[in-house]
Amino acid sequence: VPPRAALRQALRQATGVLLVYFAAGIFHLGYPYWGSMAVVVVLQKGTRVTLMRALERICGSLVGGVGAALLLHIAWPAPLVAVLCVVLAALAIALRSVNYTGFVVFLTVLFVTVTALLHPGEGIPMARIADNTVGSLVALLSVLTVWPERRPGLHATLKAALQANRAYLNAVESHAPPARIQAARRAAGLASIDLEITLHDPGWIVQRLRRRAPEDQADLATLRQVAGQAATLWHERLAESSP
């Protein structure tokens, strides 16, 4: 990991943990270390990945907390609940690399059940939900505000994508060699992907709401038209050259 990226991540993690510490005192969180752990796990390098991880953890904690509350309400004998915890641990481990939301669901039920067995008390499921929610939101806030990454603006990315797709269309219309067309097609595709990432990046939500100019709207419509024309003409050319 480059030193700059490692330092950025360390500052974000430290800021998130400190914010959870203050939030625990303000909101009187029952198990604040759950919130700190949520910050460490949820906070990723990019805004989009952090947002998805935060939503998955919040939803998984909510479903798992409700399931744990129902399980504790049934109040099975402690030995049977202990055996069930082993099954929950196995399911959580199995789902870790398959589906993060499912992993959090079973992990939440496991943590709440084990905590209730060791230290019986009221409100443990709600505490788990609240702590994970606070930690996930703090992680998202940290990645958005602490040393945010500098990316090309939406306007510049849109212009670059439009230029690349026009070059692709010009190459097809001028009957350029297939190698040149393939290179232009690849460049247009990469530029379009960059634009889509920028359009849906949570870090640009405020900017898009504030700075989406009529010119950008027109360029976006033109881009879609140019990309469609280039793809249509290229496939027609391929169809004509095929035996």
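The figures that follow rest on heavy atoms only: side chains count, while hydrogens, waters and symmetry mates do not. This structure is a prediction, so every number in the text was calculated from the model and none was measured.
- Between the S36 side chain and the V17 main chain, no donor and acceptor come within less than 3.5 Å of each other.
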- Message: Show, in sequence, the C-alpha distance, side-chain angles and deciding distance for D219 and K159, and conclude whether the side-chain contact (heavy atoms from CB on, under 4.5 Å) test is met.
- Response: CA-CA 8 Å; D219 286 344; K159 289 293 186 182; 2.8 Å; yes

- Task: With side-chain contact (heavy atoms from CB on, under 4.5 Å) as the test, would you mind laying out the steps for L107 and F111 before giving the verdict?
- Result: CA-CA 6 Å; L107 190 68; F111 276 22; 3.6 Å; yes

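- Between the CZ atom in R12 and the CG atom in L7 there is a gap of 10.5 Å [rounded to 0.5 Å].
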- Evaluation steps, side-chain contact (heavy atoms from CB on, under 4.5 Å), between Y168 and Q182: CA-CA 8 Å; Y168 174 32; Q182 289 292 356; over 6 Å; no

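- Between the side chain of Q9 and the main chain of L43, a donor-acceptor pair closer than 3.5 Å is present.
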- When you look at V40 and Q13, which way does the side-chain contact (heavy atoms from CB on, under 4.5 Å) test go after all the steps? CA-CA 6 Å; V40 174; Q13 295 279 8; 3.9 Å; yes

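- Around the CD atom of Q163, the shell of radius 6.0 Å holds no more than 12 heavy atoms that belong to other residues, nucleotides or ligands.
- Between Y100 and R57, the side chains place a donor N or O and an acceptor N or O closer than 3.5 Å (distance only, hydrogens not considered).
- The side-chain heavy atoms of L195 and L223, taken from C-beta on, include a pair separated by under 4.5 Å.
- Looking at N170, its side chain does come within 3.5 Å of a backbone N or O of R166 through a donor-acceptor pair.
- Between the side chain of N132 and the backbone N or O of S61 there is no donor-acceptor pair closer than 3.5 Å.
- Contact annotation: the side chain of T157 never approaches that of L199 to less than 4.5 Å [non-hydrogen atoms, C-beta and beyond].
- W34 carries R128 over the face of its six-membered ring, with the cationic atom under 6.0 Å from the centre and within 45° of the normal.
- Closest approach of I124 to T115, counting heavy atoms only: CD1-CG2, 4.0 Å.
- For the atom pair CZ of R8 and CG of L11, the computed distance is 9.5 Å after rounding to the nearest 0.5 Å.
- Side-chain contact between E173 and L233 is present, with heavy atoms from C-beta onward closer than 4.5 Å.
- Atoms CG and OG1, on L158 and T198 in that order, are 9.5 Å from each other to the nearest 0.5 Å.
- Remark: side-chain polar atoms of S174 are paired, donor with acceptor, to backbone N or O of A171 under 3.5 angstrom.
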